[in-house]
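For reference, the structure discussed in these notes is given below.
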Amino acid sequence: MNTTTILLLLASLLIAVGISFYQYLYKVKSRSKVILLLAFLRFIAVFGLLLLLINPIISRKTIETIKTPLPIIIDNSASILNLKADKEAIAVFNKLKDNTALAAKFDVQTYQFDADFLPSDTIDFKGKQTNIDVVAKNLKTIYKNQHFPTVLLSDGNQTSGEDYVFGFNPDNKVYPVVLGDTITYLDLRIAQLNVNKYAFHKNKYPVEVFLNYSGTKSINTTFKIAQGNVVLNEQTISFSPNKKSATVTVLLPADKVGLQILKASISSKEQEKNVYNNTKNFAVEVLDQKTEIGLISSMAHPDLGAIKRSIESNAQRKVTILKPNQVKLLTDYNVLILYQPNAAFKAIFDQNATAKINTWIITGNDTDYTFLNQNQNNFTFKMSGQKEDYLGKFNSQFNLFALDNIGFDKFPPLENPFGTITATGNINTLLSSTIRNIDTNLPLLTFSENQGRRTAYLFGENIWKWRADNYVAKKNFIDFDLFLDKTIQYLASNNARKSLVVTHERFYNSGENIEITAQYFNKNYELDEKARLTITVTNTKTKQVKNYDLLKSSTSFQANLDGLAPGNYSFTVKELNSNSVYSSNFEVLDFDIEKQFVNPDWNKLNQLSIQTHGKTFLSNQVETLIQQLLADDSYKAIQKTLIKKSPLIDWIWLLVVIAIALASEWFIRKYNGLI
């Protein structure tokens with residue numbers, strides 16, 4: 001307090017004494033105990049009120065001891081249990097966290113981790129994934145800008161996340177305690193298997209397998225990939241103390257449509273401690289995207305060969321050139337290309353009225369337009385006998401499928417009779433036509449869709465010149481072939497927009513996140529955020545049924561089905577307001593990544609300790625670790641002197657004392673008849 005405040009407090013004291021003396025003791029004949037008590041209460045009340053008016057600042061000094069944090073982190077993943085190191089881990093963990101000497105020097109804090117970083121509330125060694133990198137990231141966040149040691153109890157076998165060796169702060173020492181038997185046992189392991197989830201029918205798909213070996217002698221192993229009882233690939237792989245890994249790449253045939261479950265395995269004549277990691281199941285869904293296209297023409301023309309070669313540049317397309325009378329069954333084809341139709345196409349049009357196969361009609365100088373007027377209802381043709389050259393003009397607003405302008409305006413003109421082409425329905429034009437740079441406002445290449453049936457029209461022959469011109473300009477046919485491929489792809493698809501769209505995989509590995517997302521659109525195809533979506537999941541073998549609600553996220557609804565046992569499942573997603581339904585199935589493959597290890601990764605944990613200038617310990621060296629932590633003088637407690645200043649008016653108890661003094665004075669006076 002400064003001098004002024006002290007003088008004011010003395011003055012307040014004198015004033016309070018003076019007032020209480022004047023009111024109760026001055027010229028009073030009898031100074032009884034009641035009078036003295038009343039004088040004291042008046043003194044307390046007046047002095048308290050004056051203190052509040054002066055409001056002096058009260059300073060309080062406290063000394064705080066800040067200890068260095070010591071996070072002790074235990075691996076809670078299932079691999080600890082599989083290595084039979086769970087009891088050992090708990091014993092070491094309890095010994096460290098309950099040590100009184102460590103508690104006196106450090107602020108001991110305990111955590112656990114598997115896929116996530118959590119407080120050590122319940123340690124059960126049931127974690128499905130091991131992510132040591134998440135420990136490094138969380139320590140940097142919790143103890144930002146602090147200097148501290150870390151004790152990490154783990155087997156060092158990480159199954160997810162980035163490389164943890166370089167994730168920890170190199171300025172903070174890490175002391176790994178290796179859990180599990182460090183004796184090297186002979187072990188063969190499929191470390192990783194890479195394969196595309198999808199393959200096309202009658203193609204080949206690659207499988208890449210990484211094999212690891214632990215042991216002290218040279219051995220020969222047999223590697224197989226099988227589907228059921230059929231071995232698709234078999235080869236011999238040699239390992240030695242100097243060659244402990246191998247990579248195998250195999251091309252497998254996709255000769256069956258649908259979900260194919262396969263198994264990769266490695267074996268030898270030597271006995272192993274853990275054979276679970278010798279096999280790995282994987283799945284590939286083989287898609288049949290082969291599009292059969294019937295190219296029907298009653299005449300010979302160079303366009304036919306150019307169209308066939310261009311479309312078949314995509315191995316998933318097959319074009320068959322036919323005359324109208326050679327077509328036996330339209331349903332053998334996914335898309336029909338009708339080249340310059342005439343009266344001979346009558347049976348084709350009649351059959352397609354029922355079959356409703358998407359069609360591409362190409363016209364030219366030999367087209368019977370009277371026949372076309374009678375057999376299609378998208379356009380009305382009024383054509384003359386005069387030929388005309390039409391150039392193409394690209395429409396940048398075309399939105400049925402993504403396509404860049406490959407130089408359509410520079411391609412040679414197409415020939416077609418001169419006349420008027422009038423659209424009688426909704427059309428979407430990719431290329432409009434010009435005659436000598438004058439817009440005709442007529443389509444050249446256009447598309448229409450009516451009740452789910454798609455039709456394309458090209459009004460002009462000699463498209464073979466476009467392909468040839470594209471080759472002259474680019475020295476390849478890629479741009480033109482892509483243009484025709486996208487046209488065929490659009491015609492080959494009949495996917496109308498659905499109100500309920502569900503996204504899921506056909507297979508999941510056991511232990512992975514099994515997430516199914518859905519979107520529901522209203523009649524205007526706007527995302528309906530008020531939709532009520534449920535999912536029913538049924539195990540096809542046990543018939544066990546589980547029901548879930550799909551929870552709303554920012555752009556979709558989601559259901560998390562983690563914890564499903566390996567097996568085949570069918571499911572149904574239902575929107576309760578509209579009763580829209582989507583049904584499908586998936587399979588959970590039997591694969592537990594935490595059972596892949598037979599030894600702790602001593603080398604990796606030791607590399608971590610070297611990187612952070614710490615030291616690696618075995619589980620039976622805990623006392624040595626404790627002594628090293630206690631002897632390290634770089635971790636000392638810091639004492640801080642804290643001075644807290646607070647104004648007297650903040651003291652609520654002073655107000656209470658003043659109120660009690662005034663109330664007591666009044667009641668005593670009243671009781672003794674002084675009022």
Side-chain angles (χ1 to χ4, degrees), residues 76-79 81-82 113-118 122 124-131 134 159-161 193 195-198 258-263 276 279-287 498-521 527-596:
N76 192 44
S77 63
S79 63
L81 190 63
N82 296 328
F113 74 94
D114 38 54
D116 297 314
F117 185 79
L118 301 166
T122 304
D124 54 12
F125 304 107
K126 293 182 179 180
K128 298 297 185 182
Q129 295 277 351
T130 305
N131 187 355
V134 77
T159 60
S160 64
L193 188 148
V195 63
N196 291 332
K197 291 185 178 181
Y198 303 97
L259 188 66
Q260 309 299 318
I261 307 297
L262 302 99
K263 181 172 72 172
Y276 184 87
T279 61
K280 183 166 287 190
N281 292 326
F282 64 100
V284 176
E285 186 171 2
V286 178
L287 306 175
K498 300 176 181 179
S499 58
L500 181 59
V501 179
V502 180
T503 304
H504 65 97
E505 301 290 346
R506 290 296 302 271
F507 51 90
Y508 300 89
N509 288 326
S510 178
E512 287 183 346
N513 290 334
I514 303 176
E515 189 173 84
I516 294 178
T517 62
Q519 292 177 307
Y520 181 74
F521 298 91
L527 186 64
D528 189 349
E529 298 183 352
K530 297 181 180 180
R532 298 167 57 210
L533 297 173
T534 63
I535 181 171
T536 301
V537 182
T538 305
N539 187 308
T540 56
K541 183 178 181 180
T542 64
K543 305 304 179 183
Q544 183 181 12
V545 178
K546 293 184 177 181
N547 296 299
Y548 306 86
D549 288 327
L550 277 76
L551 303 179
K552 175 86 174 57
S553 67
S554 57
T555 58
S556 62
F557 295 83
Q558 296 179 347
N560 193 312
L561 310 180
D562 293 355
L564 293 179
N568 290 296
Y569 294 86
S570 61
F571 71 92
T572 299
V573 177
K574 184 176 182 180
E575 203 287 313
L576 300 180
N577 295 324
S578 63
N579 290 326
S580 298
V581 172
Y582 173 89
S583 298
S584 188
N585 56 75
F586 61 86
E587 181 172 359
V588 179
L589 302 179
D590 184 10
F591 175 75
D592 187 351
I593 195 169
E594 290 294 320
K595 291 183 179 180
Q596 301 299 301

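Heavy atoms only: backbone and side chains are in, while hydrogens, waters and symmetry mates are out. Because the structure is a prediction, the values reported are computed rather than measured. Numbers here are sequence positions counted from 1.
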* **For Val588 against Ala565, the heavy-atom pair lying closest together** => CB-O, 3.8 Å

* **Heavy-atom closest contact (Phe557 atom, Glu529 atom, distance)** => CZ-O, 3.9 Å

* **Main-chain N/O of Tyr569 paired with Asn539 side-chain donor or acceptor, under 3.5 Å** => no

* Under 3.5 Å: donor-acceptor pair, side chain of Asn196, backbone of Tyr198 -> no

* Structure fact -> CZ (Phe113) and CG (Leu118) are apart, to the nearest 0.5 Å, by 11.0 Å

* Asked: Rounded to the nearest 0.5 Å, how far does CG of Asn585 lie from OG1 of Thr538?
  -> 11.5 Å

* To do: Verify whether one side chain among Glu575 and Ser580 offers a donor that lies under 3.5 Å from an acceptor in the other.
  => no

* Quick one: list whatever passes ring pair (Phe, Tyr, Trp, His ring centres under 6.0 Å) with Phe571, sequence neighbours left out. => His504, Phe586

* Given side chains that start at C-beta, do those of Lys197 and Glu505 come closer than 4.5 Å, heavy atoms only? -> yes

* To do: Kindly say whether Glu515 contributes a backbone atom to a donor-acceptor pair with the side chain of Gln558 at under 3.5 angstrom?
  => no

* Asked: If you look at every heavy atom in Leu500 and Val573, which pair is closest and at what distance?
  -> CD2-O, 3.6 Å

* Asked: Can you check side-chain contact (heavy atoms from CB on, under 4.5 Å) on Lys541 and Asn568, steps first, answer last?
  -> CA-CA 7 Å; Lys541 183 178 181 180; Asn568 290 296; over 6 Å; no

* To do: Begin with the C-alpha distance, continue with both residues' side-chain angles, and end with the deciding distance and a verdict on side-chain contact (heavy atoms from CB on, under 4.5 Å) for Lys128 and Asp114.
  => CA-CA 7 Å; Lys128 298 297 185 182; Asp114 38 54; over 6 Å; no

* Structure fact -> Output for pair (Asn577 CG, Lys530 NZ), nearest 0.5 Å, gives 10.5 Å

* Report yes or no: do Asn76 and Asp124 form a side-chain donor-acceptor pair below 3.5 Å? => yes

* Scan side-chain atoms only and decide if Ser77 and Gln129 contain a donor-acceptor pair under the 3.5 Å cut-off. => no

Would you list the atom pairs, donor with acceptor, under 3.5 Å between side chains in residues 542-549 and any protein atom, with sequence neighbours excluded?
residue: Thr542; atom: OG1; partner: Gln544; partner atom: N; Å: 3.4
residue: Lys543; atom: NZ; partner: Thr540; partner atom: O; Å: 3.1
residue: Asn547; atom: OD1; partner: Thr536; partner atom: OG1; Å: 2.9

* Hey, what do you get for CG (Leu81) to NZ (Lys595), rounding to the nearest 0.5 Å? -> 9.5 Å

* Got a donor-acceptor contact below 3.5 angstrom from the Asn82 side chain to the Glu594 backbone? -> yes

* Do other residues, nucleotides or ligands put more than 12 heavy atoms under 6.0 Å from Lys126 NZ? -> no

* Checking side-chain contact (heavy atoms from CB on, under 4.5 Å) for the pair Val502/Ser584: CA distance, chi angles, key distance, verdict? -> CA-CA 9 Å; Val502 180; Ser584 188; over 6 Å; no

* To do: Would you name the heavy atoms of Ala115 and Val134 that are closest together and state the gap between them?
  => O-CG1, 4.1 Å

* Would you please test Leu576 and Leu533 for side-chain contact (heavy atoms from CB on, under 4.5 Å) and show each step? => CA-CA 6 Å; Leu576 300 180; Leu533 297 173; over 6 Å; no

* CG on Leu193 to CG on Asn281, rounded to 0.5 Å -> 10.0 Å

* Asked: Distance from Leu550 atom CG to Ser556 atom OG, nearest 0.5 Å?
  -> 9.0 Å

* To do: Evaluate the side-chain proximity of Thr130 to Ser160: yes if any heavy-atom separation is below 4.5 Å, no if none is.
  => no

* Is there side-chain contact between Val537 and Leu561, with heavy atoms separated by less than 4.5 Å? -> yes

* Asked: Can you list the residues that meet the ring pair (Phe, Tyr, Trp, His ring centres under 6.0 Å) rule with Phe125, with sequence neighbours excluded?
  -> none

* Shortest non-hydrogen separation from Ala283 to Leu259 and the atoms involved -> CB-CD1, 4.2 Å

* Mind checking whether Ile514 and Asn560 have side chains closer than 4.5 Å, heavy atoms only? -> no

